[in-house]
**Q** 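Mind looking over this structure? Questions follow.
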Number of protein chains: 2
Amino acid sequence: MLQHSDPLDRAFHALADPGRRWMVDRLTRGPASVSELAQPLDMSMSAVVQHLKVLEASGLVRSTKTGRIRTCQVQPDALRAAEGWLNTRRLEWERRLDRLGDYLATTNGDEQ
Amino acid sequence: MLQHSDPLDRAFHALADPGRRWMVDRLTRGPASVSELAQPLDMSMSAVVQHLKVLEASGLVRSTKTGRIRTCQVQPDALRAAEGWLNTRRLEWERRLDRLGDYLATTNGDEQ
DNA sequence: TGAATGCTGAAGCATATGCTTCACTATCAA
DNA sequence: TTGATAGTGAAGCATATGCTTCAGCATTCA
């Protein structure tokens with residue numbers, strides 16, 4: 001096993017955790033500090049920081065520190081990349097279904 | 001840690017592995033047997049079957065056995081669910097950016 | 001200056017994941 | 001019926017993950 005080396009590996013892995021997904025969801029509604037992210041998640045500050053590191057490593061979130069406050073933001077490009085992968089595969093599948101439908105219509109159909 | 005109980009947890013977790021993602025990709029181009037899925041993946045049959053179980057548990061893939069051949073298919077609904085989650089968050093983020101843009105335009109702008 | 005706040009980092013531990021190998025069953029084809 | 005093919009399942013092992021606690025360290029506020 002080789003760790004999550006591909007950006008998509010990291011993004012999907014980051015999104016597989018409900019707590020991390022909650023953080024991303026929260027951040028789509030605006031930036032937040034680490035404590036703000038931690039507050040409703042029933043776990044220690046350290047645990048939250050570790051989740052945050054996973055999110056940052058995946059590129060889904062970026063953060064900057066000002067004074068003693070670290071402010072986090074979503075990075076939509078990483079969201080888009082994951083979304084794009086799924087979209088491409090779904091469209092491919094649908095395209096295939098269409099072709100199959102056409103084929104069945106011609107072998108089977110009344111036209112011609 | 002409570003395992004991956006939510007359907008989205010399972011879907012994203014399933015997609016976090018490049019081998020499993022390859023299988024999904026392959027299956028969007030049509031059904032395949034377990035051996036066909038295993039062939040280009042440099043790992044044992046058992047390992048592939050275990051990945052397949054993860055994919056089936058996530059709802060991304062379904063399979064049926066006929067004779068000694070198990071045929072696998074993508075389930076687009078699970079793809080759609082994951083895609084939808086990402087899309088909703090991304091749109092929320094973009095909506096927020098737009099509002100912010102409007103606000104800056106009015107506080108700052110030449111109009112009015 | 002001294003205390004509270006916000007975050008960081010290491011250590012340690014339980015459990016999960018991702019493989020392997022080996023033994024096995026069921027099906028198909030000759 | 002014999003052998004090859006396709007898949008299954010358990011055991012075992014290395015490594016990864018997800019927490020916890022505890023011990024800091026800046027920064028801010030009184």
Side-chain angles (χ1 to χ4, degrees), chain A residues 1-24 26-27 30-73, chain B residues 1-24 26-27 30-73:
Chain A
M1 223 238 302
L2 308 124
Q3 234 145 326
H4 292 127
S5 40
D6 186 278
L8 276 178
D9 290 11
R10 287 194 288 266
F12 283 127
H13 170 246
L15 292 167
D17 183 89
R20 288 195 292 257
R21 238 171 22 247
W22 181 88
M23 293 190 211
V24 170
R26 165 64 189 78
L27 291 173
S33 71
V34 179
S35 327
E36 280 167 343
L37 290 177
Q39 192 225 318
L41 293 172
D42 184 30
M43 61 180 83
S44 72
M45 191 71 170
S46 267
V48 171
V49 170
Q50 286 171 59
H51 281 303
L52 215 42
K53 279 178 184 161
V54 173
L55 286 168
E56 293 212 48
S58 76
L60 286 161
V61 167
R62 195 170 290 181
S63 73
T64 49
K65 195 164 180 176
T66 306
R68 61 184 166 169
I69 311 276
R70 177 171 295 278
T71 304
C72 309
Q73 279 205 310
Chain B
M1 223 238 304
L2 307 123
Q3 235 146 327
H4 292 126
S5 40
D6 186 279
L8 276 178
D9 290 11
R10 287 194 289 265
F12 283 127
H13 171 246
L15 291 167
D17 182 272
R20 288 195 291 257
R21 238 171 22 248
W22 182 88
M23 293 189 211
V24 169
R26 165 64 190 77
L27 291 174
S33 71
V34 178
S35 325
E36 281 167 343
L37 291 178
Q39 192 224 317
L41 294 172
D42 185 32
M43 61 179 82
S44 71
M45 191 70 170
S46 268
V48 172
V49 170
Q50 285 170 61
H51 280 304
L52 214 42
K53 278 177 186 164
V54 172
L55 286 168
E56 292 212 48
S58 76
L60 286 161
V61 167
R62 195 169 289 181
S63 73
T64 48
K65 196 164 179 178
T66 306
R68 60 184 166 170
I69 312 278
R70 176 171 297 280
T71 304
C72 308
Q73 278 205 310

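Letters A, B, ... are given to chains in the order of the sequence lines, protein chains preceding strands, and every chain is numbered from 1.
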**Q** Whole angstroms only, please: what is the CZ-P distance between A/Phe12 and D/dT17?
**A** 17 Å
**Q** Check A/Pro40 against A/Trp22 and note the closest heavy-atom contact, atom names and distance.
**A** CG-CH2, 3.1 Å
**Q** Provide, to the nearest angstrom, the distance between the CG atom belonging to B/Asp17 and the C1' atom belonging to D/dT17.
**A** 15 Å
**Q** B/Arg10 side chain to B/Ala57 main-chain N or O, any donor-acceptor pair under 3.5 Å?
**A** yes
**Q** Does the A/Arg20 side chain pair with the main chain of A/His51, one donor and one acceptor, at a distance under 3.5 Å?
**A** no
**Q** Starting from P on C/dT17, measure out to CG on B/Leu55 and report it in whole angstrom.
**A** 14 Å
**Q** On DNA chain C, check which nucleotide each of A/Lys53 and A/Arg68 is closest to and give me the residue with the more 5' one.
**A** A/Arg68
**Q** Among C/dT20, D/dT8, C/dT8, which is the nearest nucleotide to the side chain of B/Arg70?
**A** D/dT8
**Q** Using modelled atom types only, decide if a donor and an acceptor are shared between the side chain of B/Thr66 and the backbone of B/Ile69 within a distance under 3.5 Å.
**A** no
**Q** Let me spell it out: for each of A/His51 and B/Val49, pick the nucleotide of DNA chain D with the closest heavy atom. Which residue's pick is nearer the 5' end?
**A** B/Val49
**Q** Quick one: A/Asp42 CG to D/dG18 C1', roughly how many Å, whole number?
**A** 14 Å
**Q** Please determine, for the side chain of B/Arg20, which listed nucleotide (D/dA6, C/dC19, C/dG18) has the closest atom?
**A** C/dG18
**Q** For A/Ile69 and A/Ser46, take the nucleotide of DNA chain C holding the closest heavy atom to each; which residue's nucleotide lies nearer the 5' end?
**A** A/Ile69
**Q** Nearest-Å distance, NE2 (A/His13) to C1' (C/dA16)?
**A** 11 Å
**Q** Give one of base, sugar-phosphate or nothing for A/Ser33, where a contact means two heavy atoms less than 4.0 Å apart.
**A** sugar-phosphate
**Q** Quick check: on DNA chain D, is the nucleotide nearest A/Ala47 upstream (toward 5') of the one nearest A/Gly67, or the reverse? Name the residue that is more 5'.
**A** A/Ala47
**Q** I need the CE-C1' distance between A/Met43 and D/dC19, as an integer number of Å.
**A** 8 Å
**Q** Tell me the interatomic distance from B/Asp9, atom CG, to D/dT17, atom P, rounded to whole angstroms.
**A** 16 Å
**Q** Is any side-chain N or O of A/Gln50 under 3.5 Å from a base N or O of D/dT20, one able to act as donor and the other as acceptor?
**A** yes
**Q** Quick check: does any side chain N or O of A/Arg21 sit under 3.5 Å from a backbone N or O of A/Leu15, one acting as donor and the other as acceptor?
**A** yes
**Q** Is there, by distance only and without an angle test, a donor paired with an acceptor across the side chain of A/Ser44 and the base of D/dT21 below 3.5 Å?
**A** no
**Q** Given atom CG of A/Leu52 and atom P of D/dC19, what is their separation to the nearest angstrom?
**A** 13 Å
